[in-house]
Amino acid sequence: MTPLFQILAAQDVAPEVIDRIPSGYSHFVIPFAVGITFMLCWLLVGCVRLLAAIPRHDRLTFFKSLFIPKTIVRNLKDLFGDCLLHLKIWRRKPLLGYMHSAIAFGWFMIIVLGHIEVALFVPKRLSVTNGGLFYPIFYRYFVWMNPGHTTLRGSFFFFLMDFFLLYILSGIALAVFKRFRSIVLGMRHTTKPSLADRVALYSLWLIFPLRLLAESFTADLSGGSFLTVGVNRFWHLLFGDKLWFTPCWWAYSISLGLFFVAMPFSRYMHILTEVLWILLRNAGIKPNHPRKGVAEAEIYACSSCGLCLDACPMNVQKKNLKYSSVYFIRFLRRHNEKKISAIADKCLMCDKCHALCPVGVDAPALRRAQRATENNSLPFDYSCISAVDTGLAATGVWAPDASRPVRVNGRPDALPPDPSPQESLPDASRPVLYFAGCMTRLTPRIIKAVESVFEAAGVDYVFADREGGMCCGRPLMLAGRNDAAAKLIEANKKMIEESGCSTLVLSCPICYKIFKEEYRLEGIKVTHYTQYFNELIASGRLKVEKTDRKLVYHDPCELGRGCGVYFEPRAALGKAGTLVKASMEYDESICCGGSLGSLTLDVKDRAKIAEASLKSLTAGSPDTIVTACPLCLKTFSEAVANSGSPMNGVAVKDFAEVLRG
């Protein structure tokens with residue numbers, strides 16, 4: 001015990017904590033102070049520039065959302081769950097989730113506890129002009145603990161600080177290990193770090209071991225608990241009574257400063273920008289440009305964790321790794337137009353990367369925004385849609401007023417034939433309108449099965465596009481042709497609203513998603529046929545015969561991840577057979593490979609994706625693969641037919657076909 005401590009311990013009244021440096025400053029804090037000042041200035045300028053790029057009404061919406069109780073609760077939940085605890089990763093890959101939360105939540109708690117300690121023991125040091133920027137970070141350097149007056153309160157904070165430091169170190173150890181054996185943490189692929197990423201990464205790896213070194217060297221003076229005191233005793237055994245602790249604090253400060261300087265140029269800027277992104281996202285503000293405004297917050301919120309590498313169905317072949325969302329976002333940051341366009345056009349738009357992203361970065365939406373900025377020389381002319389205002393249902397079914405010249409199946413100014421009952425648009429007494437869509441019309445077996453179910457359940461329906469019609473507009477939106485899609489939406493919406501239907505049933509997930517999200521059909525229930533048929537079964541209107549068939553259900557991208565429809569198809573199929581699990585299902589379901597989203601993916605690559613998806617679906621040895629998408633049905637049927645083996649006689653059927661036996 002030093003003479004100073006002996007004198008203080010002998011006193012009846014003595015401070016628990018001694019602020020040993022009156023100025024509250026030491027030169028070793030300079031690297032940290034410079035680094036964090038640079039990073040905070042960069043962040044401030046970036047936030048101002050980002051918010052200035054957002055339309056005024058969106059800015060107002062954002063600021064108002066910060067005071068809405070429901071949004072406040074959601075913000076707090078997402079900030080803690082996504083940014084600090086990484087619950088989404090925990091649920092899928094527990095060891096990886098532990099690694100991320102140990103570093104993020106552990107560091108957050110050390111910062112919070114450090115400020116609480118200063119507030120309790122040396123509150124004057126919280127002032128920015130009195131060392132508040134760095135004092136809580138280097139608290140153990142600036143104070144000495146009076147051993148004669150250590151309280152339970154002080155011991156409690158010693159324990160918490162050591163506990164969270166150990167928690168962080170365990171996360172750092174896993175992070176180092178992941179660089180060499182990522183598969184152990186559940187990752188087949190990891191991202192290739194840039195130079196700035198490497199500088200920030202190696203600095204991060206050093207920060208907390210150096211903190212342990214520094215705090216353990218001063219633990220006999222400034223106090224500590226099970227970790228720092230134990231390591232301190234070890235140092236004394238090695239080096240004797242005198243420990244030169246100042247170099248350790250310099251090293252700790254330098255590693256922090258280097259990390260903060262590299263941060264704005266590296267993936268680790270996500271630590272701060274994902275906070276802004278979550279607030280903007282929960283305010284309901286969406287990007288309308290791939291790099292400006294909200295999109296900038298979104299792309300800098302990407303941590304390059306690499307989870308999208310394993311998620312992307314294209315990466316069944318290593319050559320396609322370069323087209324993953326993580327690299328698309330990296331090139332967005334760098335403004336590399338050539339690579340941005342190539343990656344944007346290749347994407348299947350299956351939305352799996354978005355569904356699995358820990359902070360909900362919507363890379364497919366950014367790709368669509370990128371496609372919309374590109375000059376597409378292909379012309380389009382939908383002036384023929386003006387015939388809609390004559391009362392014609394522009395999809396080829398006839399309006400009640402059939403005496404006027406209208407378009408018939410693409411032939412202008414032709415008079416329609418006498419409509420049959422099923423070809424007429426419904427009035428109020430015919431509440432159900434069935435819209436098959438382009439892909440379903442190219443798959444007649446689905447139409448036959450759907451109509452069979454309608455008839456078996458006694459549903460009074462009208463087939464909107466039996467004789468042909470217009471596309472829903474979704475493929476055009478995926479291609480970035482929002483202007484062309486708007487023309488189709490306007491015409492189809494007019495037809496549906498004039499039909500008098502109260503329920504719109506769709507057998508194509510692509511159509512279902514756009515009708516539900518973009519058409520805004522007031523007073524009309526928009527439902528997918530899996531949902532509608534499940535309601536018919538539940539109400540007793542549709543009888544389904546239970547068999548001993550083993551069925552496996554494939555979640556179509558647009559229906560599952562796109563619209564969150566998972567329960568209804570499985571509930572209905574459970575009445576028709578025994579459901580077995582795929583190795584990857586629900587929001588982890590693998591795209592069939594036939595998606596209309598990709599503009600450049602070739603047939604061979606699509607076949608590889610279909611093969612991987614079928615492998616997942618047949619993991620439980622089913623008799624029948626069931627899907628609820630005409631595109632998936634076509635893709636899987638062709639893949640099974642073209643496979644080298646007959647896949648043990650497994651059949652591929654549509655959802656409606658299975659219900660009808």
Side-chain angles (χ1 to χ4, degrees), residues 32-68 71-84 104 107-108 111-112 115 128 132-134 136-137 194 196-197 199-200 203-204 256-305 326 328-335 357-363 365-366 369-370:
F32 166 78
V34 170
I36 198 167
T37 301
F38 172 78
M39 185 271 294
L40 291 175
C41 289
W42 185 284
L43 181 67
L44 178 62
V45 172
C47 285
V48 172
R49 185 168 54 85
L50 186 152
L51 291 173
I54 297 174
R56 184 174 181 275
H57 66 276
D58 281 345
R59 281 201 303 273
L60 291 175
T61 300
F62 169 64
F63 289 122
K64 287 179 182 177
S65 73
L66 300 178
F67 301 97
I68 299 173
T71 307
I72 292 172
V73 172
R74 185 182 177 190
N75 285 340
L76 291 173
K77 178 184 175 183
D78 288 351
L79 289 173
F80 274 89
D82 295 349
C83 299
L84 297 177
W107 198 352
F108 172 78
I111 293 171
V112 171
H115 281 77
V128 175
L133 181 66
F134 53 81
I137 308 301
S194 64
D197 288 341
V199 172
S203 300
L204 180 63
L256 280 169
L258 192 59
F259 176 75
F260 289 130
V261 168
M263 197 173 171
F265 312 103
S266 73
R267 54 188 277 188
Y268 296 98
M269 196 60 185
H270 81 91
I271 295 171
L272 298 174
T273 51
E274 66 188 15
V275 174
L276 179 60
W277 158 239
I278 286 173
L279 297 179
L280 289 165
R281 182 191 71 194
N282 290 350
I285 302 173
K286 296 182 179 181
N288 52 20
H289 189 279
R291 276 169 301 198
K292 297 178 182 178
V294 179
E296 189 168 9
E298 190 168 9
I299 63 176
Y300 279 97
C302 173
S303 66
S304 297
C305 63
V326 62
F328 173 67
I329 289 174
R330 178 180 292 181
F331 292 126
L332 278 175
R333 291 177 180 174
R334 296 177 181 176
H335 298 268
C357 178
V359 292
V361 172
D362 193 350
L366 292 174
Q370 173 63 27

Could you tabulate the donor-acceptor pairs under 3.5 Å formed by side-chain atoms of residues 41-51, not counting sequence neighbours?
unit_1: Arg49; atom_1: NH1; unit_2: Glu296; atom_2: OE1; d: 3.3
unit_1: Arg49; atom_1: NH1; unit_2: Glu296; atom_2: OE2; d: 3.2
unit_1: Arg49; atom_1: NH2; unit_2: Glu296; atom_2: OE2; d: 2.9

Got a sec, which residues hit side-chain contact (heavy atoms from CB on, under 4.5 Å) with Pro290, two or more places apart in sequence or on another chain?
Leu332, Ala369, Gln370, Thr373
Measuring from atom OG of Ser65 to atom CG of Leu279, what distance do you get when rounded to the nearest 0.5 angstrom?
7.0 Å
Check whether any side-chain N or O of Ser203 sits under 3.5 Å from a backbone N or O of Leu258 as a donor-acceptor pair, and report yes or no.
no
Distance from Lys64 atom NZ to Leu66 atom CG, nearest 0.5 Å?
12.0 Å
What is the distance from atom NE2 of His115 to atom CD1 of Ile137, rounded to the nearest 0.5 Å?
5.5 Å
His270 side chain reached by Cys305 side chain, heavy atoms, under 4.5 Å
no
Quick one: CZ on Phe328 to CD1 on Ile299, what's the gap to the nearest 0.5 Å?
9.0 Å
Side chain proximity check, Ser303 to Arg267, heavy atoms < 4.5 angstrom
no
Of all residues at least two apart in sequence or in a different chain, which pass the side-chain hydrogen bond (donor to acceptor under 3.5 Å, both in side chains) check with Thr37?
none
Quick check on side chain to side chain contact (heavy atoms under 4.5 Å, CB included): which of Ile36, Leu272, Leu204 does Met263 satisfy it with?
Leu272
Non-hydrogen side-chain atoms of Phe265 and Ser194 separated by less than 4.5 Å:
no
Nearest-0.5 Å distance, OG of residue Ser266 to CZ of residue Phe259:
6.5 Å
All heavy atoms of Pro287 vs all of Glu298, minimum pair found to be CG-OE1, 3.6 Å
Would you please name every residue forming a side-chain contact (heavy atoms from CB on, under 4.5 Å) with Ala262, sequence neighbours left out?
Val199, Ala200
Heavy-atom distance under 4.5 Å between the side chains of Phe260 and Phe32, does that happen here?
yes
Scan the side chains in residues 76-83 for donor-acceptor partners under 3.5 Å anywhere in the protein, sequence neighbours excluded, and list what turns up.
unit_1: Asp78; atom_1: OD2; unit_2: Arg281; atom_2: NH2; d: 3.0
unit_1: Asp78; atom_1: OD2; unit_2: Asn282; atom_2: ND2; d: 3.1

Who passes side-chain contact (heavy atoms from CB on, under 4.5 Å) against Ile285, sequence neighbours left out?
Asp58, Phe62, Leu280, Ala283, Val294
